Amino acid sequence: MLLETPDKHYDIVVVGGGLVGASFALAMQRTLTRPLSLLIVEAVAQDSAVAQQPSFDARSTALSYGSRLIFERMSLWGQLETAANPIAEIQVSDKGRFGGTRLHHSEYRVDALGYVIENARMGEVLMQALIESSGIALLAPGRITQAKAVAAGMELTVAAGGVETQLTTGLVVLADGGRSPICRQLGIRHSEEEYGQQAIISNVAFERPHRNVAFERFTESGPLAVLPLPDYEGQPTGSLVWTVKDAQCEATMAMSATQFLLALQQQFGDRLGNFLRVGQRFSYPLRLSQAQEQIRPGLVLLGNVAHTLHPVAGQGLNLALRDIDALGQVLATAVEAGESPGHMPVLQRYLEAQRADQERSILFTDALTRLFSSNATRKVISRRLGLVSLSLLPSLKRGLAHRAMGLK
């Protein structure tokens, strides 16, 4: 439900209407047994949200099987599935070295290990659901210019249509990205560690059908992933995430399409035949960022503002969706018991429920990145043994599969 002017009080205010903020609001609406007033403040106007919202860009996302289950509980998977390409198999390899492993959906009795969907399509589905919802108020465009803690939660100053309005809320859900101005205003610090790498992302076309296989290949500069997308103009197509060292990025981005495809072919090999076409390329620096406080009285952080992970193994949005699912369940139980959603013990129960999952996901991506982005002899031997062990030891392979499928 679109608004022009907000009310003076809401039970919950979500800052940011991108993939994370919108998913939280819709999940919360489905989970609650008692109605709460809920407002989303989104900086981008609704009529241009898909084109301009930073999380609705040309990139694609690999949703885990666990994320599919979350969207099913939100009654949104039917709309998303039509635009999603299933991942039937994941192949992991280390360039120039023996060892590797394959995960196939049939081994784990699921329809697919995951799904690849363009962010723009996911954004369209979520935004349409927000607009059609009678229980979620959407202020877009709108901007939070000031936030401060008060006894019963938070007091916010909201700018929209040239007018500033003050309102109060029991809980602010901050989901406005890794460079949140509200975080800085509130003095919430982040621990950050640069990987010295950049991710180059694009869509690529190739000769051979991908057969719904996702490829994760580790190279000297970092991981290289090709994820299956629906055919485009009769050509097999995939979403490329190619990690390169900082010193290589500028030259790689400046290559002609022919040069880029040749360099990619050299790193990836011929599993998909020749690479034929590359779309517009984007790059962004990679870092591990963790908020030193994910919760305060009346405040909780979700998505990249809480933790920004390396894209290896596609954990970022999937972890955020698991956080959303856990937070929604904790809040619904608390509200049913008559507790305020912003009460600190309530938010502590959420963080305790998700802490282990967050720590495992961060450790998993960080360890993979460091192990497979080095040519140090010790690490080369370790990853050879690791990949061979994954093929030989069912329990290790099952653990990797559960992590890839986003199952706790």
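For this chain, numbers begin at 1 and follow the sequence in order. Quick note: numbers below take in every heavy atom, side chains included, and nothing from hydrogens, waters or symmetry partners. These figures come from a predicted structure and were not determined experimentally.
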Worksheet entry | Over 12 non-hydrogen atoms of neighbours within 6.0 angstrom of OH in Tyr232 | no

Worksheet entry | Any side-chain heavy-atom pair of Leu69 and Glu72 under 4.5 Å | yes

Item to complete: Could you please spell out the steps behind the side chain to side chain contact (heavy atoms under 4.5 Å, CB included) verdict for Tyr350 and Val346?
Response: CA-CA 7 Å; Tyr350 151 68; Val346 174; over 6 Å; no

Worksheet item: Does a side-chain heavy-atom distance below 4.5 Å link Ile200 with Thr252?
Response: yes

Worksheet item: Are side-chain heavy atoms of Leu272 and Val213 found at a separation under 4.5 Å?
Response: no

Worksheet item: Within a reach of under 6.0 Å around CZ of Arg189, are more than 12 heavy atoms found that belong to other residues, nucleotides or ligands?
Response: no

Fill in: Distance in Å, Arg296 CZ paired with Leu186 CG, rounded so as to fall on 0.5 Å steps
5.5 Å

Fill in: Which atom of Phe206 lies closest to which atom of Thr237, heavy atoms considered
CZ-C, 3.5 Å

Fill in: Flag, side chain of Gln248 to backbone of Thr243, donor-acceptor distance under 3.5 Å
no

Practice prompt. Find out whether Leu240 and Leu224 are in side-chain contact, i.e. whether some heavy atom of one side chain is under 4.5 Å from a heavy atom of the other.
Written response: yes

Worksheet item: Charged N to carboxylate O under 4.0 angstrom, Arg355 versus Glu352?
Response: no

Fill in: Smallest separation among heavy atoms of Leu347 and Leu299, with atom names
CD1-O, 3.4 Å

Practice prompt. Give the C-alpha distance, both sets of side-chain angles, the deciding distance and a yes or no for side chain to side chain contact (heavy atoms under 4.5 Å, CB included) between Leu63 and Trp77.
Written response: CA-CA 11 Å; Leu63 292 176; Trp77 182 246; 4.2 Å; yes

Worksheet item: Just by modelled atom types, is the Leu229 backbone N or O under 3.5 Å from a matching donor or acceptor in the His210 side chain?
Response: yes

Fill in: Side-chain heavy-atom pair Pro86, Asp111 within 4.5 angstrom cut-off
no

Practice prompt. Give, for atom OH of Tyr115 and atom CZ of Phe71, the distance between the pair rounded to the nearest 0.5 Å.
Written response: 13.0 Å

Worksheet item: Would you say the side chains of His307 and Asp323 form a donor-acceptor pair under 3.5 Å?
Response: yes

Item to complete: To the nearest 0.5 Å, tell me how far Leu36 CG sits from Ile136 CD1.
Response: 11.5 Å

Discussion item. Given 3.5 Å as the limit, does a donor-acceptor pair link the side chain of Thr365 with the main chain of Ile362, or not?
Written reply: yes

Worksheet item: What are the two closest non-hydrogen atoms of Ala147 and Gln185, and how far apart are they?
Response: N-OE1, 2.7 Å

Item to complete: Might you confirm whether atom CZ of Arg143 has over 12 heavy atoms from other residues, nucleotides or ligands at distances under 6.0 Å?
Response: no

Worksheet item: Say you draw a straight line from OG of Ser133 to CG of Leu2; how long is it, rounded to the nearest 0.5 Å?
Response: 11.0 Å

Worksheet item: Do Asp366 and Tyr195 have a side chain donor and acceptor closer than 3.5 Å?
Response: yes

Fill in: Minimum-distance pair of heavy atoms, taken over all atoms of Ala22 and Leu130
CB-CD1, 3.7 Å

Worksheet entry | Polar side-chain atom of Ser202 near backbone of Gly279 as donor-acceptor pair, under 3.5 Å | yes

Item to complete: Indicate yes or no for a side-chain donor-acceptor contact from Thr31 to the backbone of Ala27 under 3.5 Å, with no hydrogens or angles considered.
Response: yes

Response to the item:
From the list Glu107, Glu216, Glu89, salt bridge (charged side-chain N to carboxylate O under 4.0 Å, His left out) with Arg102 holds only for Glu89

Worksheet item: Any side-chain heavy atom of Val305 sitting closer than 4.5 Å to one from Cys183?
Response: yes

Worksheet item: What's the shortest heavy-atom distance between Gly16 and Ile40, and which atoms?
Response: O-CG2, 4.1 Å

Worksheet item: Where is the tightest heavy-atom contact between Leu113 and Tyr108, given as atom of each residue plus distance?
Response: CD2-CD1, 4.1 Å

Worksheet item: Any sub-3.5 Å donor-acceptor pair from Glu207's side-chain atoms to Asn274's backbone N or O?
Response: yes

Worksheet item: Is the backbone N or O of Gly66 less than 3.5 Å from a side-chain atom of Arg322, with the two atoms forming a donor-acceptor pair by type?
Response: no

Discussion item. Surrounding CD of Gln292 (heavy atoms of other residues, nucleotides or ligands, distance under 6.0 Å), is the total greater than 12?
Written reply: yes

Worksheet item: So, Gln354 versus Gln294: side-chain donor-acceptor pair below 3.5 Å or not?
Response: no

Discussion item. Students often mix this up, so state it plainly: with edges at 30° and 60°, are the rings of Phe275 and Phe268 parallel, tilted or perpendicular?
Written reply: perpendicular

Practice prompt. May I ask you to establish whether Arg271 and Phe215 are in a cation-pi arrangement, using a distance under 6.0 Å from NZ or CZ to the six-membered ring centre and at most 45° from the ring axis?
Written response: no

Practice prompt. Check step by step if side chain to side chain contact (heavy atoms under 4.5 Å, CB included) holds for Arg179 and Arg184.
Written response: CA-CA 8 Å; Arg179 300 298 185 188; Arg184 292 195 293 271; 4.2 Å; yes

Worksheet entry | N/O donor-acceptor pair under 3.5 Å between Thr169 side chain and Tyr10 backbone | yes

Discussion item. With rounding to the nearest 0.5 angstrom, report the CG to CD distance, Leu80 to Glu124.
Written reply: 10.5 Å

Item to complete: Please answer whether the main-chain N or O of Val20 pairs with a side-chain N or O of Ser23 as donor and acceptor at a distance below 3.5 Å.
Response: no

Discussion item. Taking CD in Gln348 as the centre, count heavy atoms belonging to other residues, nucleotides or ligands within less than 6.0 Å. Is the count above 12?
Written reply: yes

Worksheet item: When you look at Leu167 and Leu39, which way does the side chain to side chain contact (heavy atoms under 4.5 Å, CB included) test go after all the steps?
Response: CA-CA 11 Å; Leu167 60 86; Leu39 170 69; 4.0 Å; yes

Fill in: Arg217 side chain vs Gln267 backbone, donor-acceptor pair below 3.5 Å
yes

Worksheet item: Side chains of Met122 and Thr61: does their closest heavy-atom pair fall under 4.5 Å?
Response: yes

Discussion item. To the nearest 0.5 Å, what is the distance between CD on Gln290 and NE2 on His190?
Written reply: 9.5 Å

Worksheet entry | Any side-chain heavy-atom pair of Ser134 and Met1 under 4.5 Å | no

